[in-house]
Amino acid sequence: MKVAVVGATGMVGEVMLKVLEERNFPVTELLLVASERSVGKKITFKGEEITVIGLADAVAAKPQIAIFSAGGDTSLEWAPKFAEAGTTVVDNSSAWRMDPTKKLIVPEINAGELTKDDKIIANPNCSTIQMVLALSKLHEAYKMKRIVVSTYQSVSGTGVKAVQQLENEIAGVEGEMAYPYPIGRNALPHCDVFMENGYTKEEMKLAKEPQKIFGDSSFAVTATAVRIPTSGGHSESVNVQFENDFDLAEVRQLISETPGVVLQDNTATNTYPMPILAHDKDEVFVGRLRRDESQPNTLNMWIVADNLRKGAATNTIQIAEYLVENNLV
Ligand SMILES: NC(=O)c1ccc[n+]([C@@H]2O[C@H](COP(=O)([O-])OP(=O)(O)OC[C@H]3O[C@@H](n4cnc5c(N)ncnc54)[C@H](OP(=O)(O)O)[C@@H]3O)[C@@H](O)[C@H]2O)c1
């Protein structure tokens, strides 16, 4: 399997390489691709040094799969060129997610939708992935009506520049700003750009992507996305109202049975999910389960995952694994 990693020098790209190696993805030739700035750089994969190449050379090499995490503009311009050359693209940016001709995949939920004809496949937003996976069995059992979600997102979600900003602030040195304000000792109710309706693009991704993933537009989502000074791992406070009533013990059971989800919920031992516990893990962690006492059929929960893993690299590579295992590339 000839595989290209586009954006190999970035935060997600680096984790992609780690996950490909860990999961022993069947790579026979690996093409590492980045911007012209990085062409010629060397990156080590499985003990072998590989030279970074540009996008045109990567298309010409006709890989079977190209994993993209190089921003929306690169993806809009280059994913179709790879697809035309016969490559199947799995894209991490927001470029194709809401395109009705493209599938939006969380493998545990809807990989079954994929066919050989899907040449550009979208990976959902990191905050969406952890939320929908944690809710998937509960939706099946009780049918979601409305979700109110507030996120507490780490700086690694913005990329290398933002991680550097936080490190500079901690070290007390001046440097380039990824955010309009300091992020250390702060919380910014501002993830991605503001839109005409007053929401940020990140909030609208959380509001719109879940319905597409579940193939069900009968529930609604409203979101507030906040950037906090954690280096990695996104947390979410989720309030979900169901059509049908639930039993809390059964909710715990269903969450423990959800593939890729781990229940961490015991207030007696101060057990609950936290970014430091989710770091470098592929699972989504769920805790603080409690009935919303202000409204019927409503549950409060706390969901944490490593945004660079299940939120990006792991989910993308799981999609690629599904394509390979089912002879779809
Ligand atoms: N961080 C997250 O938690 C997360 C989660 C899900 C999805 N994503 C998405 O993944 C993508 C990358 O995010 P990131 O956090 O890894 O960002 P990043 O650390 O800034 O890395 C960006 C990568 O894209 C490459 N790139 C930029 N412009 C390019 C161009 N014109 N042509 C080719 N390559 C180009 C960069 O190459 P150079 O090094 O040569 O500049 C670098 O490899 C974004 O679309 C982001 O929305 C991120």
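One-based numbering, in listed order, for ligands and for the atoms of each. Just so it is clear, the model here is predicted, and its values are computed rather than measured.
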Cut-off 3.5 Å, side chains only: do D292 and N300 have a donor facing an acceptor?
-> no
Would you say V12 and ligand 1 have an N/O pair spaced under 3.5 Å apart?
->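 Yes: some nitrogen or oxygen of V12 is under 3.5 Å from one in ligand 1.
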L55, portion touching ligand 1 at heavy-atom distance under 4.0 Å = side chain
Proximal candidate to atom 23 (C) of ligand 1 [heavy atom criterion; set A34, G233, A162, S69] = S69
Using a strict cut-off of 4.0 Å, indicate which atoms of ligand 1 neighbour a heavy atom of G7.
-> 23 (C), 24 (O), 25 (C), 43 (O)
Closest to atom 17 (O) of ligand 1 (judged by heavy-atom distance), picking from G159, A58, S94, S93 | G159
Per-residue contact class, T74 against ligand 1 - non-hydrogen pairs under 4.0 Å = side chain
If we ignore angles and hydrogens, is there a donor and acceptor under 3.5 Å between the side chains of E202 and N125?
->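 Yes, a side-chain donor-acceptor pair sits under 3.5 Å.
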Polar contact flag for G71 and ligand 1 (N/O pairs, less than 3.5 Å) = yes
Around atom CD of E257, are there more than 12 heavy atoms of other residues, nucleotides or ligands at under 6.0 Å?
->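 Atom CD in E257 is packed in, count exceeds 12.
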Just distances here: any N/O of V6 and N/O of ligand 1 closer than 3.5 Å?
->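 No; every N/O pair is 3.5 Å or more apart.
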Closest non-hydrogen atom pair, K2 against T28 |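 Between these two residues, the closest heavy atoms are N-OG1, 4.0 Å.
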For this output row, return yes or no: ring centroids of Y181 and H190 closer than 6.0 angstrom.
->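 Ring-ring flag for Y181/H190: false, centres at least 6.0 Å apart.
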Distance below 4.0 Å between atom 38 (P) of ligand 1 and any protein heavy atom?
-> yes
Assess the side chains of K103 and T115: does a donor N or O sit below 3.5 Å from an acceptor N or O?
-> no
